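Here the structure is a predicted model, which means the values were calculated and not measured.
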Amino acid sequence: MKKFIKNTTKAVVTIAAGVAFVMMFGEAETPGLQFLCTFGSMAVLFGCYKILDKMGTFKEESNVEI
């Protein structure tokens, strides 16, 4: 049951991050609304990133050679 909740939460947060990313490029009628839409979406995207990072979604690679 715990794994089901974790996977469901991960899916919902990932969808929210995708929607926030798309909304960052939306246009509004006034500059004030444009600022609110863009930076509000960036805040949501950052929050989704932090949640997914705490859940251990992103793997850290220490031995990367270029």
Side-chain angles (χ1 to χ4, degrees):
M1 184 69 173
K2 188 175 182 181
K3 187 175 181 179
F4 173 74
I5 292 172
K6 184 176 180 179
N7 287 338
T8 304
T9 304
K10 189 183 298 186
V12 169
V13 173
T14 303
I15 291 169
V19 170
F21 182 76
V22 170
M23 288 297 296
M24 280 194 316
F25 300 104
E27 294 184 9
E29 295 177 4
T30 63
L33 289 176
Q34 181 70 37
F35 179 80
L36 181 66
C37 182
T38 301
F39 287 102
S41 296
M42 285 174 38
V44 170
L45 186 62
F46 181 74
C48 290
Y49 164 75
K50 292 305 266 183
I51 291 170
L52 289 172
D53 190 34
K54 285 185 179 182
M55 290 178 68
T57 303
F58 307 115
K59 295 180 181 177
E60 191 173 314
E61 295 183 19
S62 59
N63 296 330
V64 177
E65 293 184 25
I66 298 176

K.L.:
Can you name the nearest heavy-atom pair linking Met23 to Ser41, along with the distance?
P.N.:
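Shortest heavy-atom separation between Met23 and Ser41 comes out as CB-OG, 3.3 Å.
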K.L.:
Do Phe25 and Phe39 sit in one hydrophobic cluster, given that two such residues count as connected whenever their side-chain heavy atoms are within less than 4.5 Å of each other, even indirectly?
P.N.:
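Cluster IDs for Phe25 and Phe39 match.
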K.L.:
Check each of Val19, Thr57, Leu52 against Thr14 using the side-chain contact (heavy atoms from CB on, under 4.5 Å) test, and report the only one that passes.
P.N.:
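Answer to the side-chain contact (heavy atoms from CB on, under 4.5 Å) test with Thr14 among Val19, Thr57, Leu52: Leu52.
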K.L.:
Provide the closest heavy-atom pair for Thr38 versus Met24 in the form atom of the first, atom of the second, distance.
P.N.:
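Result for this residue pair: OG1-O, 3.8 Å.
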K.L.:
Determine, using the 4.5 Å side-chain heavy-atom cutoff (strictly less than), whether Met55 and Tyr49 are members of one ILVMFWY cluster.
P.N.:
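They do share one cluster, since a chain of ILVMFWY contacts under 4.5 Å joins Met55 to Tyr49.
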K.L.:
Any donor and acceptor pair, going by atom type alone, linking the side chain of Glu29 with main-chain N or O of Gln34 inside 3.5 Å?
P.N.:
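Answer holds: no.
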K.L.:
Are Phe21 and Phe35 connected into the same hydrophobic cluster when the rule is that any two of I, L, V, M, F, W, Y join if their side-chain heavy atoms are below 4.5 Å apart?
P.N.:
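In one cluster with Phe35: Phe21, yes.
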K.L.:
Quick one: closest heavy-atom pair of Ala17 and Leu45, and the distance?
P.N.:
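Distance-wise, the nearest heavy atoms are O-CD1, 3.4 Å.
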K.L.:
Taking atom CZ of Phe58 as the centre, does the number of heavy atoms from other residues, nucleotides or ligands within less than 6.0 Å exceed 12?
P.N.:
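More than 12 within 6.0 Å, yes.
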